[in-house]
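Input: a single structure, listed below in structure tokens.
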Amino acid sequence: LLDEPTNHLDLKGVFWLEQFLTETLGGSSSSQQQQKKTKPTVVFVSHDRAFAEAVATDVIVFEEKALHYFAGDLATFEQRNEEKSAAHDHRVDARVRQETQARESADKMKKLATGGSSSGNKAKKHANDNQLRAAKQRLAKIERVGLFRDDGKKFKTHSMAQVGVTHLPSKVEARRAVKDDAFSFPVPDVLEGAWYVALDRLDVGYGPSAVLVEKATASLGPGSRVAVCGDNGCGKTTLMKTLAALLPTLELSSSSSSSGGGVLKRHPKVRIAYVNQDHAASLTKHAATLEEGEQQQQGSAAGEQKSAEEDAAPPKKTTLSSSSPEFLMTASSYLSRRFGVSELEARSKLGKFGIGNAAKLSLKKLSGGQKARLSLAALTWEEPHVLLLDEPTNHLDAPALDALAAAVEAFPGAVVVVSHNRSFLSACCNELWTVEADKQLRVYEDADFNDLFNAYARRVLAGPNGGTGGLNANSRLSASAATLGRRADALDARGGKAAKGNGKLRQAGAAAKQASLM
């Protein structure tokens with residue numbers, strides 16, 4: 001049982017996990033010993049589309065408090081789902097049309113029956129009674145219009161004795177339209193100059209003896225959409241914290257630099273916002289800090305003093321109780337207290353990230369995806385020029401990923417994203433930074449992003465020695481091409497805001513296919 005197994009994994013780890021689940025556990029080996037083994041069942045939750053496409057053989061969907069099972073891969077499921085949705089819409093239209101026709105016919109019969117002469121002509125009165133009776137029967141039949149069995153076939157009353165319990169009729173109803181997620185980043189003010197942040201031969205790390213990235217040179221300006229990739233532990237998060245000024249720069253610490261160290265330059269008016277990869281823990285920490293600060297203010301105002309007995313008592317262990325801030329503080333009150341605004345303003349901000357309906361839920365009751373949305377709402381409160389997103393795709397579902405990619409693409413400032421979600425990066429990024437094993441930051445720009453990322457993926461698949469994984473790399477890149485192409489088709493079918501990235505995805509698929517043939 002794997003719950004979001006690709007969260008925090010680097011690309012090498014994702015590829016390894018795909019291979020392990022599909023080839024090692026999946027039993028694709030030709031050895032007799034492997035074939036005799038019983039294939040294990042793997043149940044996983046993931047919104048990394050490329051990973052799900054590569055691994056899943058069956059799909060379980062949670063919908064309307066029920067589980068729906070489909071034997072087939074994700075792409076086939078979505079295709080069948082689109083077909084079922086179209087057939088359902090056709091049945092709804094047919095039901096409305098037939099009900100309208102039945103009512104109009106019944107009304108016409110009633111008018112003919114009641115519009116005649118009221119004389120004592122018995123034959124005519126009898127005819128009028130028959131027309132009224134026929135109109136009543138016609139109206140009664142409306143109740144059976146739109147009845148379909150759960151296998152999609154039209155229900156017939158005379159066949160009731162022949163159908164099983166799984167084919168009972170149900171009235172086709174119009175489904176409530178699902179509102180597409182839409183994230184909205186605020187537009188910052190325009191700053192003079194061509195850059196926001198610039199690194200010039202800067203060492204990044206935690207001290208002269210713990211340098212993770214050496215002599216990094218790069219810059220961020222309006223319109224920058226940077227994907228940062230590299231192995232786990234290579235220094236991606238450290239680089240992000242350095243850009244966010246959460247870590248001191250090592251400007252004079254590089255003993256190997258003849259120039260005496262590098263420099264991190266920031267525009268004097270630039271505003272930078274950073275979302276930690278462990279946003280759920282960060283929310284809890286912020287809530288506790290807010291609560292503690294308010295309690296200290298209240299205690300100071302009231303002249304509160306601890307008794308000698310309390311001072312002498314041993315310190316209590318910190319436990320998560322029903323009085324903890326995470327239980328008491330709601331999503332809207334968290335923003336209200338953190339930024340000193342009204343609850344109404346806080347709910348309005350939450351609505352821009354699709355969680356306005358969860359504004360009154362406590363932080364403890366928010367799902368991982370809702371906490372991610374709350375973190376993004378807090379991130380953009382000060383209208384930053386630079387967004388630093390460390391693993392922002394963790395816990396977000398597929399519609400939210402589409403919405404986030406569209407918001408990143410529309411944002412006029414600079415965005416730096418640490419992620420290995422291939423579909424997401426292909427939809428919104430235009431520049432690639434890789435942190436390599438030799439502690440170098442390599443910047444790839446002025447080329448199609450998908451070409452750059454596929455070249456990086458080939459290096460990852462080939463391994464440190466190169467050449468050994470070429471066949472495997474071709475196979476996986478070919479699969480990636482098919483996945484991205486299907487993703488583009490799905491976005492085309494959905495339309496609306498979610499389709500903003502479909503052109504880039506289709507280009508990514510073509511690039512991956514071309515790379516697999518090289």
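- Taken from OG1 in T434 to CG in L11, the straight-line distance is 11.5 Å, to the nearest 0.5 Å.
- Residue-environment remark: CG (L67) exceeds the threshold of 12 foreign heavy atoms within 6.0 Å.
- Among E343, R337, E345, the one residue that satisfies the side-chain hydrogen bond (donor to acceptor under 3.5 Å, both in side chains) test with S332 is E343.
- For the salt bridge (Lys or Arg N to Asp or Glu O under 4.0 Å) test, residues two or more places apart in sequence or in another chain that qualify with R271 are D189.
- D73 places no side-chain N or O within donor-acceptor distance of the main-chain N or O of E53, the cut-off being under 3.5 Å.
- One N or O on the side chain of S224 and one on the backbone of G221 form a donor-acceptor pair closer than 3.5 Å.
- A search for side-chain contact (heavy atoms from CB on, under 4.5 Å) contacts involving W16 returns F20, not counting sequence neighbours.
- In terms of heavy atoms, F51 sits closest to S46 at CD2-OG, 3.7 Å.
- In this structure, the side chain of N430 engages the main chain of G223 through a donor-acceptor pair within 3.5 Å.
- Contact detail for A377 and K349: the closest heavy-atom pair is O-CE, 3.5 Å.
- Heavy-atom neighbours of R442 CZ from other residues, nucleotides or ligands within 6.0 Å: above the threshold of 12.
- With values rounded to the nearest 0.5 angstrom, L199 atom CG is found 7.5 Å from L220 atom CG.
- Within the 4.5 Å cutoff, the side chain of E445 has no heavy atoms near those of the L452 side chain.
- Atoms CZ and CG, from R49 and L74 in turn, are 4.5 Å apart once rounded to the nearest 0.5 Å.
- Annotation: side-chain contact (heavy atoms from CB on, under 4.5 Å) contacts of A227 (sequence neighbours excluded): L425, C429, L432, F449.
- In this structure, NZ in K352 is found 11.0 Å from CG in L350, a value given to the nearest 0.5 Å.
- Between R347 and L344 the shortest side-chain heavy-atom distance falls below 4.5 Å.
- Judged by distance alone, the side chain of D10 and the main-chain N or O of N232 form a donor-acceptor pair under 3.5 Å.
- Using modelled atom types and a 3.5 Å distance limit, the side chains of E391 and H420 yield no donor-acceptor pair.
- Remark: P248 engages no residue in a side-chain contact (heavy atoms from CB on, under 4.5 Å) (not counting sequence neighbours).
- Listed by chain and number, the residues in a salt bridge (Lys or Arg N to Asp or Glu O under 4.0 Å) with E436 are R459 (sequence neighbours excluded).
- Of all heavy-atom pairs between V213 and G235, the closest is CG2-O, 4.4 Å.
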Chi angles and distances behind the ring pair (Phe, Tyr, Trp, His ring centres under 6.0 Å) call for Y456, Y444: CA-CA 10 Å; Y456 169 69; Y444 301 94; 8.3 Å; no

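- Take H385 and apply the ring-ring contact (aromatic ring centres under 6.0 Å, His included) test, not counting sequence neighbours, and it matches Y196.
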Criterion side-chain contact (heavy atoms from CB on, under 4.5 Å) on E431 and V443, from CA distance to verdict: CA-CA 8 Å; E431 193 172 337; V443 176; 3.6 Å; yes

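- Judged by distance alone, with hydrogens and angles left aside, the side-chain atoms of S362 form no donor-acceptor pair with the main-chain N or O of M329 at under 3.5 Å.
- Although no hydrogens or angles enter the test, the distance criterion places a donor-acceptor pair under 3.5 Å between the side chain of T217 and the main chain of R201.
- A distance of 9.5 Å separates CG in L361 from CD1 in I355, rounded to the nearest 0.5 Å.
- Applying the salt bridge (Lys or Arg N to Asp or Glu O under 4.0 Å) criterion to D3, with sequence neighbours excluded, gives no partner residue.
- Shortest non-hydrogen contact noted between S419 and T393 is OG-OG1, 3.8 Å.
- L441 has its side chain out of reach of V204: every pair of non-hydrogen atoms, C-beta onward, lies at least 4.5 Å apart.
- Once rounded to the nearest 0.5 Å, the distance linking CG of D448 with OG of S426 reads 9.0 Å.
- Sorted by first and then second residue, the salt bridge (charged side-chain N to carboxylate O under 4.0 Å, His left out) pairs involving residues 226-240 (not counting sequence neighbours) are K12-D231.
- Counting heavy atoms from C-beta on, the side chains of Q79 and E82 never come closer than 4.5 Å.
- Residues satisfying the ring-ring contact (aromatic ring centres under 6.0 Å, His included) test with W195, not counting sequence neighbours, are none.
- At a threshold of 4.0 Å, the pair K439-D203 does not count as salt-bridged, since none of the basic side-chain nitrogens sits closer than that to a carboxylate oxygen.
- Residues A273 and L379 approach most closely at CB-CD1, 2.9 Å, considering heavy atoms.
- The ring-ring contact (aromatic ring centres under 6.0 Å, His included) check on F77 picks up F70, with sequence neighbours excluded.
- In this view, S348 satisfies the side-chain contact (heavy atoms from CB on, under 4.5 Å) rule with no residue, not counting sequence neighbours.
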Distance-only check: which donor-acceptor pairs under 3.5 Å involve side-chain atoms of residues 262-270, not counting sequence neighbours?
residue	atom	partner	partner atom	Å
R266	NH2	T242	O	2.9
R266	NH2	L243	O	3.4
H267	ND1	K269	N	3.1
H267	NE2	E192	O	2.8

From CA spacing to verdict: side-chain contact (heavy atoms from CB on, under 4.5 Å), T237, Q277: CA-CA 8 Å; T237 295; Q277 58 180 292; 2.8 Å; yes

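- Ring geometry for F183 against F353 counts as tilted: the plane angle lies between 30° and 60°, on a 0 to 90° scale.
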Working for side-chain contact (heavy atoms from CB on, under 4.5 Å), residues V416 and L239: CA-CA 11 Å; V416 183; L239 174 63; over 6 Å; no

Chi angles and distances behind the side-chain contact (heavy atoms from CB on, under 4.5 Å) call for V417, F424: CA-CA 10 Å; V417 181; F424 173 77; 3.9 Å; yes

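- Of all heavy-atom pairs between V187 and P412, the closest is CG1-CG, 3.8 Å.
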